[in-house]
Amino acid sequence: MRQIHVLNGPNLNLLGQREPGIYGAATLADVEAEMRALGEKHGVAVTCRQSNHEGDLVTWLQEAGRTGADVILNAGGYTHTSVAIRDAIKGAGTRAIEVHISNVHAREEFRHHSYLSPVVAGIIVGFGIAGYRLAFQALLEMTPAR
Ligand code: CA2
């Protein structure tokens with residue numbers, strides 16, 4: 001069965017609780033429920049995880065690469081800092097779509113650069129939480145990773 005892992009990084013557990021003007025009112029539980037519903041509809045095994053720790057994301061990206069799961073990744077602030085997460089995607093051969101809820105290019109300069117963009121299959125930015133659904137649809141249109 002095809003697998004999609006939905007990985008969210010630091011502070012995304014706060015979705016819907018703070019800064020609704022930037023990130024909207026939906027919670028992470030809402031996002032994950034939508035991903036699971038899409039999985040049921042399309043016969044995809046969906047695993048949702050969130051961590052505030054860089055190493056957890058590295059471990060989960062390696063696992064996805066090993067097991068042939070596709071990844072929808074919002075690495076949060078680590079997007080702009082993490083060589084380790086980039087190396088995990090590239091090193092494990094993980095196929096990932098990078099998602100950002102906000103339009104990072106319309107925000108502070110330091111959010112304009114992503115260490116991850118050169119090693120992911122595609123990037124979806126600025127569509128709010130719809131970006132996760134768009135990433136799911138994009139993956140469905142690709143040949144399964146394995
Ligand atoms: O727009 C995105 O999805 C981001 O990945 C979110 C990250 C930010 O560092 C990136 O530059 C862009 C921050 C996630 C923080 O999420 C919060 C959600 C609600 C309240 C406070 C923080």
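Note that ligands are numbered from 1 as they come in the structure, with each ligand's atoms numbered from 1 the same way.
- Inspection of the N8 and Y132 side chains reveals an N or O donor paired with an N or O acceptor under 3.5 Å.
- Contact analysis leaves T79 out of contact with ligand 1, as no non-hydrogen atom separation drops below 4.0 angstrom.
- Residue N11 touches ligand 1 through backbone and side chain together, judged by heavy-atom distances below 4.0 Å.
- With a 4.0 Å heavy-atom cut-off, ligand 1 is reached by the side chain of R111 but not by its N, CA, C or O.
- Side-chain contact between I72 and H5: absent, with no pair of heavy atoms (C-beta onward) separated by less than 4.5 Å.
- Across F110, Y23, Y132, heavy-atom proximity to atom 22 (C) of ligand 1 is greatest for Y23.
- Within the 4.0 Å heavy-atom criterion, the part of H80 lying near ligand 1 is the side chain and not the backbone.
- S102 OG, 2.6 Å is the protein heavy atom nearest to atom 1 (O) of ligand 1.
- For atom 4 (C) of ligand 1, the nearest protein heavy atom (residue, atom name, distance) is H100 ND1, 3.7 Å.
- In terms of protein heavy-atom proximity, atom 2 (C) of ligand 1 is nearest to I101 N, 3.3 Å.
- Across the listed options I129, N8, V104, V104 owns the non-hydrogen atom lying nearest to atom 12 (C) of ligand 1.
- At a threshold of 4.5 Å between non-hydrogen side-chain atoms, the residues S114 and R86 do not count as touching.
- No hydrogens or angles considered: nothing links the side chains of T47 and Q3 as a donor-acceptor pair under 3.5 Å.
- Side-chain contact check for N52 and E54: no donor-acceptor pair (N or O, by modelled atom type) lies under 3.5 Å.
- Proximity to R18 (heavy-atom distance under 4.0 Å) selects the following atoms of ligand 1: 19 (C), 20 (C), 21 (C).
- When each atom of ligand 1 is checked for a heavy atom of G76 under 4.0 Å away, the hits are 5 (O), 7 (C), 9 (O).
- If you check the side chains of T59 and D56, you find no donor sitting under 3.5 Å from an acceptor.
- Considering backbone and side-chain atoms alike, E19 places every N or O at 3.5 Å or more from each N or O of ligand 1.
- Judged purely by distance below 3.5 Å, without hydrogens or angles, the side chains of Q17 and T27 never pair a donor atom with an acceptor atom.
- Checked against a 6.0 Å centroid threshold, the rings of Y115 and H113 count as neighbours.
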